[in-house]
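Chain A is the first sequence line, chain B the second, and so forth, proteins listed ahead of strands; every chain is numbered from 1.
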Amino acid sequence: MKEYFIQNAKDFIGEEVTLKGWAYNVRKSGKIWFLMLRDGTGIMQCVVTKFDADEDSFNIKDSITQESSVIVTGEVKEEPRSPGGYEMLAKKVELVSIAEEYPISLKEHGIDYLMDKRHLWLRSKRQHAIMRIRHTIIKSIRDFFDDRDFTLIDTPIFQQAATEGTATLFETDYFGEPAYLTQSGQLYGEAGAAAFGKIYCFGPTFRAEKSKTRRHLTEFWMVEPEMAYYDLDMNMDLAEAFVQYIVSQVLEHRRPELETLERDISILEGIQTPFPRISYTDAVKILQKNGVDFKWGDDFGGADETIISSQFKSPVMVHRYPAAIKAFYMKRDPENEEQVLALDMLAPEGYGEIIGGSQREDDIDLLIQRIKADGATEEDYAWYLDLRRYGSFPHSGFGLGLERVVTWLCGLKHIRETAPFPRTMTRLNP
RNA sequence: UCCGGAGUAGCUCAGUGGUAGAGCGAGUGGCUGUUAACCACCAGGUCGGGAGUUCAAAUCUCUCCUCCGGAGCCA
């Protein structure tokens with residue numbers, strides 16, 4: 001017998017198949033009952049009647065409970081009355097295990113209750129759709145860079161010091177010495193770019209900031225490409241092609257899941273390259289035109305980002321930020337000492353920053369100046385400075401926050417649903 | 001850390017000083033085309049913890065705890 005998955009039901013019409021899964025829901029009538037069976041790829045309505053199934057199979061209706069594991073054998077049919085358009089007429093039903101009373105009913109539950117049951121909540125339709133979209137986004141990320149001859153360079157999760165002085169890091173005891181969980185692989189990525197030309201790292205990152213908002217996790221995944229001999233414009237070219245590719249892959253492969261989430265797909269279809277590019281200075285003008293009391297030199301808050309991004313249908317790239325509000329490694333703009341060759345990409349619909357990047361400072365003297373201005377020493381960044389000593393080169397890169405992109409593309413209100421087991425300030429279990 | 005909001009049945013909630021409620025879920029029975037099925041019956045409570053006011057507190061006051069939302073910071 002062929003291997004069979006519910007998502008491929010249309011390939012099995014008229015055939016007898018065996019379906020192994022769990023009871024999503026059961027509706028009983030006198031001499032007929034309907035089993036909504038979940039197999040991990042979808043949900044299939046199985047019809048069990050006294051005519052078509054044997055007596056033992058039929059009587060399972062008296063003992064089966066929500067999420068009991070079952071194996072059903074029967075013929076796949078097209079059936080307009082069935083949710084999904086297909087159903088299975090059961091000949092045989094086997095109970096593998098009877099589930100105890102399942103804590104997640106098909107009715108509404110509060111977010112904290114559901115997060116306590118996250119290991120079970122993942123089985124529900126909505127979470128299933130989100131995780132499959134997340135999967136497609138991750139695959140798109142890898143495919144995009146792999147297809148462009150980027151080499152994957154994994155960067156360490158234990159790090160001795162902060163990448164950017166300001167962020168609060170998680171400290172661990174590393175054989176008696178303090179070590180910190182990484183907040184970025186970027187500095188290591190630059191070493192990789194000098195060795196391999198174009199690289200990316202993709203892994204978990206950690207922020208210990210006590211932020212409780214819909215946009216923050218303490219543990220999230222970030223992909224960070226780094227490219228030798230790329231300037232700011234080339235960096236932005238790559239960033240927009242990258243995001244456009246992710247959007248197109250989700251639209252191509254995850255339309256049913258977007259529909260499950262009731263995402264407005266037309267908004268995603270309206271995203272097109274080239275993405276708008278505006279300077280920080282122009283972004284400030286947009287804010288001022290919209291009545292925001294904003295001074296050149298301040299950083300944008302969430303509300304400011306929403307105003308700026310709402311001017312455009314596609315993600316907008318804001319470039320050339322004030323040096324004072326950006327990291328020490330960003331290259332100074334040769335045309336204006338006050339600003340650096342940075343870029344942020346803001347997603348539409350108020351979803352905020354999904355990419356932050358820059359051309360990197362390749363002049364060792366200027367870099368040392370910035371390091372000292374941050375209160376650090378040359379010794380702190382000894383190996384990083386070596387990259388400028390031994391064949392310095394223009395290079396650029398950016399970081400994209402995976403969960404922020406999942407939130408945006410799924411149209412979610414909160415980032416915590418985008419990770420299988422999210423970590424927030426108040427959530428370490430399950 | 002700061003500013004708001006919430007905590008009542010397994011779940012989601014109503015209940016503003018006078019006998020603790022509903023829907024769903026669980027249980028029992030019925031039903032051959034159900035769509036979060038439906039109908040009938042039924043069980044289920046330390047009203048977040050502690051203290052106070054009052055003849056009387058889920059309800060008013062104080063305090064603690066937990067969670068939610070937002071700000072700052074960031075991806």
Side-chain angles (χ1 to χ4, degrees), chain A residues 24-36 43 45-53 58 61-63 65-66 77 79-85 87 89 99-117 121 124-126 162-169 182-186 202 204-224 298-305 325-327 344-347 351-357 398-408 413-416 418-419 424-427:
Chain A
Y24 189 76
N25 192 21
V26 180
R27 288 184 287 270
K28 300 168 198 173
S29 204
K31 298 189 178 77
I32 183 170
W33 56 287
F34 300 89
L35 165 65
M36 303 304 292
I43 296 172
Q45 173 165 288
C46 303
V47 185
V48 191
T49 72
K50 272 194 157 159
F51 281 121
D52 303 287
F58 182 78
K61 78 177 171 68
D62 297 325
S63 51
T65 56
Q66 189 186 358
K77 305 192 308 184
E79 174 53 69
R81 284 176 294 185
S82 171
E87 72 177 17
L89 187 59
E100 292 177 29
E101 186 183 339
Y102 194 62
I104 302 177
S105 71
L106 297 177
K107 292 277 184 175
E108 58 200 330
H109 297 281
I111 186 69
D112 198 47
Y113 179 82
L114 289 168
M115 275 300 173
D116 279 340
K117 310 271 186 280
W121 190 23
S124 72
K125 261 187 210 166
R126 180 183 162 80
T163 305
E164 308 170 29
T166 51
T168 316
L169 306 185
T182 182
Q183 57 156 332
S184 165
Q186 187 213 305
F202 188 20
T205 48
F206 307 88
R207 302 283 166 90
E209 255 113 25
K210 295 192 173 178
S211 38
K212 293 165 70 171
T213 82
R214 66 179 70 181
R215 295 188 304 278
H216 288 86
L217 296 170
T218 53
E219 175 182 320
F220 61 96
W221 279 59
M222 186 155 68
V223 56
E224 296 175 277
D298 289 346
D299 208 352
F300 303 130
D304 303 322
E305 289 179 351
I325 57 170
K326 287 292 184 184
D344 279 2
M345 187 188 289
L346 308 179
Y351 280 97
E353 185 181 345
I354 52 172
I355 279 181
F398 59 83
L400 173 137
L402 172 66
E403 285 81 2
R404 289 246 175 116
V405 173
V406 179
T407 308
W408 163 47
K413 290 199 178 79
H414 202 298
I415 197 168
R416 74 190 140 200
T418 64
T424 65
M425 244 182 95
T426 56
R427 175 65 58 187

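- Inter-residue side-chain proximity for A:Arg404 and A:His216 is flagged as met; some heavy-atom pair is nearer than 4.5 Å.
- Nearest heavy-atom pair, A:Glu224 versus A:Gly399, reported as atom, atom and distance to 0.1 Å: CG-CA, 3.8 Å.
- Comparing the C1' positions of B:A6 and B:C13 gives a spacing of 12 Å, expressed to the nearest Å.
- Looking at the side chain of A:Glu305, the nearest of the listed nucleotides B:A75, B:C73, B:C74 is B:C74.
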### Message
As a quick check of understanding, evaluate side-chain contact (heavy atoms from CB on, under 4.5 Å) for A:Met36 and A:Arg27, giving each step before the final call.
### Response
CA-CA 8 Å; A:Met36 303 304 292; A:Arg27 288 184 287 270; 3.4 Å; yes
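- At whole-Å resolution of the value, NE2 in A:His109 and C1' in B:C11 are 6 Å apart.
- Here the P atom of nucleotide B:A75 and the CG atom of A:Asp344 are 7 Å apart, to the nearest Å.
- Separating the P atom of B:C60 from that of B:G18 is a span of 11 Å, rounded to the nearest Å.
- A heavy-atom distance below 4.5 Å is not found between the side chains of A:Lys28 and A:Val48.
- B:A20 and B:C62 have their C1' atoms separated by 26 Å, with the value rounded to a whole Å.
- Applying the salt bridge (charged side-chain N to carboxylate O under 4.0 Å, His left out) test to A:Arg81 and every residue at least two apart in sequence or in another chain returns A:Glu79.
- Checked against side chain to side chain contact (heavy atoms under 4.5 Å, CB included), A:Glu305 has the following partners two or more places apart in sequence or in another chain: A:Phe300, A:Leu346, A:Glu353.
- Among the nucleotides B:A36, B:U12, B:C73, the one closest to any side-chain atom of A:Glu209 is B:C73.
- A:Leu217 comes within 4.0 angstrom of a nucleotide base, judged by non-hydrogen atoms across all strands.
- Among the atoms of the strands shown, only primed sugar atoms or phosphate atoms (P, OP1, OP2) are found under 4.0 Å from some heavy atom of A:Gly110.
- Pairing of B:U28, defined by two Watson-Crick or G-U wobble distances under 3.5 Å, is identified with B:A40.
- Partners of A:Ile104 under the side chain to side chain contact (heavy atoms under 4.5 Å, CB included) rule, at least two apart in sequence or in another chain, are A:Tyr102, A:His109, A:Leu114, A:Lys117, A:Leu120, A:Trp121.
- Between the CD1 atom of A:Ile325 and the P atom of B:C73 there is a distance of 9 Å, rounded to whole Å.
- Rounded to the nearest Å, the gap between the C1' atom of B:G49 and that of B:C65 is 7 Å.
- Between the side chain of A:His216 and the base of B:C74, a donor-acceptor pair under 3.5 Å is found.
- Between B:C67 and B:U8, the two P atoms lie 15 Å apart (nearest whole Å).
- Both distances falling under 3.5 Å, in either a Watson-Crick or a G-U wobble arrangement, place B:U12 opposite B:A22.
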For nucleotides 25-34 of chain B, 5' to 3', base contacts (B), sugar-phosphate-only contacts (S) and non-contacts (-) with protein non-hydrogen atoms under 4.0 Å give SS----BBBB
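- Listed nucleotides B:C74, B:U1, B:C11 differ in distance to A:Tyr113; the shortest reach to its side chain belongs to B:C11.
- If you check every strand for non-hydrogen atoms under 4.0 Å, A:Asp299 touches sugar and phosphate atoms only.
- Put simply, the side chain of A:Trp221 never gets that close to the backbone of A:Phe202: no donor and acceptor are under 3.5 Å apart.
- Contact check for A:Lys212 versus A:Thr424: no side-chain heavy atoms found under the 4.5 Å cut-off.
- Atom CD of A:Glu353 is separated from atom C1' of B:G72 by 15 Å (rounded to the nearest Å).
- In A:Lys125, the NZ atom is not crowded: 12 or fewer heavy atoms of neighbouring residues, nucleotides or ligands sit closer than 6.0 Å.
- The interatomic distance linking A:Leu346 (CG) with B:A75 (P) rounds to 12 Å, in whole Å.
- Qualifying side chain to side chain contact (heavy atoms under 4.5 Å, CB included) partners for A:Thr49, counting only residues two or more places apart in sequence or in other chains: A:Ile32, A:Val47, A:Phe51, A:Asp52.
- With both pairing distances under 3.5 Å, B:C73 is matched to nothing as a Watson-Crick or G-U wobble pair.
- Atom-to-atom, CD1 of A:Ile415 to P of B:C74 comes out at 16 Å; the value is rounded to the nearest Å.
- Two residues, A:Gly302 and A:Ile354, neighbour RNA chain B, and the one matched to the more 5' nucleotide by heavy-atom proximity is A:Gly302.
- Formation of a donor-acceptor pair under 3.5 Å by the A:Ser82 side chain with backbone atoms of A:Gly84 is not found in this model.
- Nucleotides B:A14 and B:G72 place their C1' atoms 37 Å apart, quoted to the nearest Å.
- Look at the C1' atom in both B:U34 and B:U16: the space between them is 44 Å, to the nearest Å.
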Each nucleotide N or O in nucleotides 66-69 of chain B that has a protein N or O under 3.5 Å away: list the pair and distance.
{"unit_1": "B:C67", "atom_1": "O3'", "unit_2": "A:Asp112", "atom_2": "OD1", "d": "3.4"}
{"unit_1": "B:C68", "atom_1": "OP2", "unit_2": "A:Thr426", "atom_2": "OG1", "d": "3.1"}
{"unit_1": "B:G69", "atom_1": "OP1", "unit_2": "A:His414", "atom_2": "NE2", "d": "3.2"}
{"unit_1": "B:G69", "atom_1": "OP1", "unit_2": "A:Arg416", "atom_2": "NH1", "d": "3.0"}
{"unit_1": "B:G69", "atom_1": "OP1", "unit_2": "A:Arg416", "atom_2": "NH2", "d": "2.5"}

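- Comparing the C1' positions of B:G44 and B:G5 gives an interatomic distance of 30 Å, to the nearest angstrom.
- Pairing partner, B:G52: B:C60, with both Watson-Crick or wobble hydrogen-bond distances short of 3.5 Å.
- When both distances must be under 3.5 Å, the Watson-Crick or G-U wobble mate of B:G4 is B:C68.
- Rounded to an integer number of Å, the gap from A:Ile104 CD1 to B:U12 C1' is 14 Å.
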